Structures are given as structure tokens and as C-alpha cells.
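Here the structure is a predicted model, which means the values were calculated and not measured. Indexing begins at 1, ligand by ligand and atom by atom, following the structure's order.
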Amino acid sequence: MTESIPLVSFENFLTGDRAAQEEVANQVYEAFSTVGFIYLKDFGIPQSRIEEIFGLAKTFFELPLAEKLKYKLQDPSVNQGYTGDGAEGHNDHKEAYEHRRFINARCPDESELPGFRRTLDDFYKQCLSLAMNVLKCLAMVLKLGDDFFTTITTRADPQLRILHYPPLERSVIESQGHARIMPHTDYGLCTLLFQDSTGGLEVDPYHTGKFTSVPPIPGTVLVNIADLLQRFTNGRVKSTRHRVVSPPAHIFRGEVLPPRYSIPFFVHPDPETLIDPILLYDGEQKLYEPVNAKEYRDWRTARNYRMKGPEGKNFEVEARG
Ligand SMILES: O=C(O)CCC(=O)C(=O)O
Ligand SMILES: [Fe+2]
């Protein structure tokens, strides 16, 4: 397995003929079946749009806390709205706003934050279209039928998450360790990840604890595989552990770490989907028990929020070589 994350142009997938698409699909598959992450460039979402979203994120998070709490996420099963720093336990310092496909009751409207809802709705569609094309690459390579992933994501409500890691006193970092986001794998099928220029994202491709840096590359989006897709493909593609650490000391001066913004887009399958490993050759052994997508997600969410999960369930992703 290679440690470095490949950078691939997606242009030929979006505009090329079948042969050109297959070539890109193979490159995407190769990345996902090794390091589990890929940088895509020329992926069809203009850079100006991404900068616009980062600008809106900054405007939103700069609102007074009392104002942001008007949009507070209420129901974890809907999972839409604002969560403040510390809500997810651990030592992570971040605040987040979640935007969804079907229900956005806790979103500032036009009179409260002009352009916010409308632009996020648009960006959401662009992200969903890109994610479905990336999943189509896998369906093509694995010969599952081009629409395989479309048919299991029609009712699912992917999660567009706007994240703000606030500026931090150096003493907080020193006393709490990595105070941005703890090592984890994502839960669903795959994740798009837009990061600003601050840096700090790291991956652990072998799951040995040896993390390597994933620097921001202008004009790219990262895409990574999440747990349910690793299970569904019987381990062919890898849900790789990652984290966000504070930037190294030489990058900032003084006593305060700069803030960081990032925008993940998490794609989940429809809740009733049975994630039963797909076997591609005679005699292939299943590496995972079948799981129901919703049950798995509830278990992971409960664990994330330090709540008790469904009785007797343990769907841990094991270490791998
Ligand atoms: O902020 C980042 O770059 C990573 C965020 C992440 O991994 C997550 O929210 O699952
Ligand atoms: Fe993540």
C-alpha cells in the first residue's frame, strides 16, 4: 500500500467517452483500494463557488453565539443545524453547521443571512452530483452496473457539514494534545472534503498509528472512502483513519493558533440498505457480517456522542495491512 495520496483529473470522466471514463475510474479505484483517499482536480465545481462557501461559513460562524444558537441542531436523527464547540465530547474544538437535502428547518433564511440558504442548496446539489460520479467510477470498475449506487441513495440525506475550528491558545493545545479532530473513520459510503489553506489533516493508511500529512492543494477536493463502503466491497476499498492536528509550531507565530475551516460532504446509503459484502469470485470469503445501514449509523453516532449504542452491537472497523 502506498502512503501518498494520488492526484487525478476528473475532467475526462465528466466530459470524455466511455473509454476515457474507464481510465479515470481505474485511477480512482486504485487510490481507494490502497490509501483510501484521492485528490481530484477539474471536478466540475468552480473554485469561485468553493470560495463563496468558505466566505459564507466565516460570516455564519462570526455571528454572536446567541444568534447561532437560534439554529441549534435539536434532533440527532434529523442532524441539521448548528452545534457549538464541545457538543461532541472529546477534546475536539470545533463548531459545525449541517445542511441537508430534504429538511433545513434550522437554516438562516434570506432576511437573516442573505444568500446563505440558496447558495448552500446549490452547492449541495453540486456535491451530490460529484459524489455520485465518484461512486459510479467504483460501480464501473467492480461491474456492479453504472446506477448501482444511485439506486441505494435516492432517499438518503447526505450531510453537508461546514466546520470551523476556532483559534486556540497554545496552552490549550499543549495541555490537551491534538485539539482539532480526533482519529476516526467516516461512517457512510464516501466523503468529499474541501479544506482551507491552514493545513493539519493527516491520514493513517496502514492503521498503525503512523499518520502522514494531507496538505491542502489549491483547486482540488479530497474524496475518501467510509466504513459502509469498505464493508460493502468486502474490503476492496479502504476506509482510512484520519484526524486534524494543530498546525506545526513553525507555521504560526505567537500564542494563538489560526482558525481552520473545512467542508465535508458525507454520503450515506438509504437507511434500509442491507450492507452485505459483495462477493466477486467463487469461493471468496465474506470479511464482514451484513449490517443494516441505519443501525450501523445509529451505533456510530451514539459512539461519537458518547451515548450507549444498540445493545450488544459492535461493528468496529478492524486494523488492516
Ligand atoms: O476538517 C477536516 O479536514 C476533516 C473533517 C473530518 O474528518 C470529518 O468531519 O469527518
Ligand atoms: Fe472524517
Side-chain angles (χ1 to χ4, degrees), residues 5 32 35-40 50 53-54 57-58 60-61 73 76 79-100 124 127 131 134 157-168 173 178-205 207 211-218 220-230 237-248 251 257-268 296-297 299-305 316-317:
I5 298 176
F32 286 156
V35 73
F37 271 73
I38 192 167
Y39 287 103
L40 291 183
I50 295 160
I53 302 294
F54 277 109
K58 194 159 181 292
F60 176 79
F61 289 120
L73 187 152
N79 208 357
Q80 193 276 311
Y82 171 76
T83 36
D85 190 8
E88 290 188 17
H90 312 296
N91 287 340
D92 301 16
H93 286 288
K94 55 178 162 38
E95 49 180 352
Y97 167 77
E98 321 285 346
H99 201 75
R100 313 298 291 231
Y124 188 105
C127 288
V134 171
D157 206 352
Q159 184 178 345
L160 173 61
R161 181 171 227 214
I162 314 280
L163 272 172
H164 173 224
Y165 302 86
L168 282 180
I173 309 281
H178 297 301
R180 286 211 146 147
I181 194 165
M182 302 303 256
H184 66 282
T185 52
D186 294 343
Y187 325 163
L189 294 174
C190 71
T191 306
L192 309 182
L193 179 60
F194 302 86
Q195 48 172 340
D196 72 6
S197 59
T198 309
L201 179 69
E202 297 185 339
V203 293
D204 174 15
H207 286 191
F211 282 86
T212 55
S213 167
V214 185
I217 301 180
T220 67
V221 59
L222 282 160
V223 190
N224 66 282
I225 296 299
D227 295 351
L228 285 179
L229 198 47
Q230 174 172 318
V237 295
K238 309 292 184 190
S239 176
T240 293
R241 189 177 294 153
H242 51 285
R243 69 179 179 188
V244 180
V245 296
S246 19
I251 289 188
L257 282 169
R260 178 172 184 273
Y261 293 86
S262 70
I263 308 169
F265 181 78
F266 303 102
V267 183
H268 292 272
Y296 184 83
R297 187 174 182 175
W299 173 76
R300 286 296 306 264
T301 308
R303 209 179 59 154
N304 210 30
Y305 287 87
E316 199 65 73
V317 176

Numbered atoms of ligand 1 (with element) below 4.0 Å of Pro264, judged on heavy atoms | 9 (O)
His242 heavy atoms, cut-off 4.0 Å: which ligand 1 atoms fall inside?
-> 7 (O)
Does the side chain of Leu73 come within less than 4.5 Å of Asn79's, by heavy atoms?
-> yes
Give a yes or no on whether the ring-centroid distance for Tyr296 and Tyr187 is below 6.0 angstrom.
-> no
Are any of the side-chain nitrogens in Asp227 or Arg300 under 4.0 Å away from the carboxylate oxygens of its partner?
-> yes
The atoms of ligand 1 lying under 4.0 Å from a heavy atom of Val244, numbered in the order shown, are 1 (O), 2 (C), 3 (O), 4 (C)
Name the orientation class of the two ring planes belonging to Phe61 and Tyr261 (parallel below 30°, tilted from 30 to 60°, perpendicular beyond 60°).
-> tilted
Would you call Pro166 and Asp85 a side-chain contact if the rule is heavy atoms closer than 4.5 Å?
-> yes
If we only count N/O pairs under 3.5 Å, is Gln195 in contact with ligand 1?
-> no
Which of the atoms in ligand 1, numbered in the order shown and given with their element, are less than 4.0 Å from a heavy-atom of Ser262?
-> 1 (O), 2 (C), 3 (O)
Proximal ligand 1 atoms for Tyr165, defined as those under 4.0 Å from one of its heavy atoms | 1 (O), 2 (C), 4 (C), 5 (C)
To the nearest 10 degrees, calculate the angle at the Fe ion (ligand 2) involving NE2 of His242 and OD1 of Asp186.
-> 100°
Can Tyr97 and His164 be said to form a side-chain contact (heavy atoms from CB on, under 4.5 Å), step by step?
-> CA-CA 9 Å; Tyr97 167 77; His164 173 224; over 6 Å; no
With a 4.0 Å cut-off on heavy atoms, is His184 touching ligand 1?
-> yes
Which atom of His184 approaches the Fe ion (ligand 2) most closely (N/O/S) = NE2
Aromatic rings Phe37 and His242: how do their planes relate, parallel, tilted or perpendicular, breaks at 30° and 60°?
-> perpendicular
Lys94: heavy atom below 4.0 Å from ligand 1, yes or no?
-> no
the protein heavy atom lying closest to atom 3 (O) of ligand 1 turns out to be Arg260 NH2, 2.9 Å
With no hydrogens and no angle check, do the side chains of Glu98 and Gln80 hold a donor and an acceptor under 3.5 Å apart?
-> no
Output the list of atoms in ligand 1 that are nearer than 4.0 Å to some heavy atom of Phe266, sorted by atom number.
-> 8 (C), 9 (O), 10 (O)
How does Arg180 reach ligand 1, by side chain, by backbone, by both or by neither, if only non-hydrogen atoms under 4.0 Å count?
-> neither
Which of parallel (below 30°), tilted (30 to 60°) and perpendicular (above 60°) describes Phe265 and Tyr124?
-> perpendicular
Note: Asp186, heavy atoms under 4.0 Å from ligand 1, region reported as side chain
